[in-house]
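Worksheet: the structure to be examined is printed underneath.
Heavy-atom basis, side chains included; hydrogens, waters and symmetry copies ignored. The chain is numbered in sequence order, starting from 1.
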Amino acid sequence: QVQVVESGGGSVQAGGSLRLSCTASGDTSCNYDWYWYRQVPGKEREFVSYIDSDDITTYADSVKGRFTISRDSAKNQVYLQMNSLKPEDTAVFYCKTDVLCRDYDREYSYWGQGTQVTVSS
């Protein structure tokens with residue numbers, strides 16, 4: 001069973017920065033793809049960013065140029081560096097990892113517990 005733990009959330013003023021981190025427990029020889037999502041009350045969970053095992057990255061248009069996703073595959077960790085934060089970035093941020101090991105029949109997804117990001121004007 002993979003466990004994913006998030007950290008790094010907090011409150012900042014508009015224009016500030018935060019770095020979020022997620023760490024997955026498990027076999028480091030398995031493949032881990034990572035996603036970041038965010039969600040506000042009453043709204044659908046929104047895709048933010050993605051990084052695959054080849055370090056190919058994807059960003060939502062709303063964060064492109066401000067957020068940077070990176071990973072440390074040896075430690076099963078992913079990071080989201082958030083710069084130039086805006087009040088509309090306020091949300092609970094969730095990381096998700098898709099895990100594939102040699103003896104798996106398919107990928108399995110595991111979510112972090114969420115971390116609150118609040119950006120004040």
Side-chain angles (χ1 to χ4, degrees):
Q1 180 72 25
V2 174
Q3 292 184 326
V4 181
V5 178
E6 300 186 35
S7 63
S11 298
V12 298
Q13 293 182 325
S17 298
L18 286 171
R19 191 182 76 153
L20 307 182
S21 301
C22 277
T23 302
S25 65
D27 190 343
T28 58
S29 66
C30 300
N31 178 271
Y32 295 81
D33 293 337
W34 286 98
Y35 301 77
W36 287 98
Y37 292 82
R38 63 188 181 187
Q39 189 169 30
V40 299
K43 302 294 184 181
E44 294 183 359
R45 191 164 295 185
E46 176 191 21
F47 168 79
V48 174
S49 189
Y50 167 70
I51 186 167
D52 69 13
S53 58
D54 295 319
D55 290 332
I56 303 299
T57 59
T58 303
Y59 298 93
D61 288 342
S62 59
V63 307
K64 197 171 300 181
R66 300 187 298 121
F67 292 9
T68 303
I69 189 171
S70 60
R71 67 182 296 151
D72 184 341
S73 295
K75 299 181 179 180
N76 293 337
Q77 293 179 326
V78 68
Y79 309 94
L80 187 68
Q81 178 66 46
M82 304 185 296
N83 298 326
S84 301
L85 283 163
K86 304 174 181 179
E88 51 262 45
D89 294 319
T90 296
V92 177
F93 281 69
Y94 297 90
C95 61
K96 184 189 77 169
T97 186
D98 291 343
V99 185
L100 179 63
C101 301
R102 290 183 59 86
D103 59 340
Y104 285 7
D105 58 341
R106 62 174 176 87
E107 287 189 333
Y108 290 83
S109 296
Y110 301 90
W111 289 88
Q113 81 279 10
T115 186
Q116 177 70 47
V117 171
T118 302
V119 185
S120 59
S121 60

Atom [atom1] in [X], atom [atom2] in [Y]: separation rounded to 0.5 Å?
X: Met82; Y: Trp36; atom1: CE; atom2: CH2; answer: 8.0 Å
X: Lys96; Y: Cys22; atom1: NZ; atom2: SG; answer: 12.5 Å
X: Thr97; Y: Asp33; atom1: OG1; atom2: CG; answer: 7.0 Å
X: Tyr110; Y: Ser25; atom1: OH; atom2: OG; answer: 9.0 Å

*When the ring planes of Tyr108 and Tyr104 are compared, do they come out parallel, tilted or perpendicular, using 30° and 60° as the limits?*
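Perpendicular: the ring planes of Tyr108 and Tyr104 meet at over 60°.
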*Trp111 vs Tyr37 aromatic rings, parallel, tilted or perpendicular, using cut-offs 30° and 60°?*
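Tilted, since the angle between the ring planes falls between 30° and 60°.
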Minimal non-hydrogen separation, [X] against [Y], with atom names:
X: Asp52; Y: Asp54; result: OD1-N, 2.9 Å
X: Asp98; Y: Glu107; result: CB-OE1, 3.7 Å
X: Thr68; Y: Tyr59; result: CA-OH, 3.3 Å
X: Ser17; Y: Ser84; result: OG-N, 4.3 Å
X: Ser49; Y: Ile69; result: OG-CG2, 3.2 Å
X: Ala14; Y: Pro87; result: CB-CD, 4.1 Å

*Are side-chain N/O atoms of Gln81 and Tyr79 paired as donor and acceptor at under 3.5 Å?*
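Gln81 vs Tyr79: no donor-acceptor pair found between side chains.
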*Residues Gln77 and Thr23: side-chain donor-acceptor under 3.5 angstrom*: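 A pair is found: one side chain offers a donor N or O, the other an acceptor, under 3.5 Å apart.
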*Would Arg71 count as a cation-pi partner of Tyr32, with NZ or CZ less than 6.0 Å from the six-membered ring centre and within 45° of the ring normal?*
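Not satisfied by the 6.0 Å and 45° rule.
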*Ser62: side chain to side chain contact (heavy atoms under 4.5 Å, CB included) partners, not counting sequence neighbours*: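 Side chain to side chain contact (heavy atoms under 4.5 Å, CB included) check on Ser62 returns Arg38, Glu46, Ala60.
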Applying a strict under-4.5 Å side-chain criterion to I, L, V, M, F, W and Y, I'd like to know whether [X] and [Y] cluster together.
X: Leu85; Y: Leu80; answer: yes
X: Val12; Y: Phe93; answer: yes
X: Tyr50; Y: Tyr94; answer: yes
X: Leu100; Y: Trp34; answer: yes
X: Val119; Y: Val63; answer: yes

*Answer whether the closest heavy-atom distance between the side chains of Val2 and Asn76 falls below 4.5 Å.*
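No - every pair of side-chain heavy atoms lies 4.5 Å or more apart.
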*Kindly indicate whether the side chain of Cys95, heavy atoms from C-beta on, has any atom under 4.5 Å from the side chain of Leu20.*
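No, side chains not in contact.
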*Less than 4.0 Å between a side-chain N and a carboxylate O, is that true for Lys86 and Asp89?*
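No salt bridge links Asp89 with Lys86.
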_Any donor-acceptor N/O pair, Gln113 side chain to Glu6 backbone, under 3.5 Å_ =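 Such a contact is found between Gln113 side chain and Glu6 backbone.
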*What do you reckon, is CD of Glu44 surrounded by more than 12 foreign heavy atoms closer than 6.0 Å?*
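12 or below, so no.
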*Does Gln3 CD have over 12 foreign heavy atoms under 6.0 Å away?*
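Not more than 12 within 6.0 Å, no.
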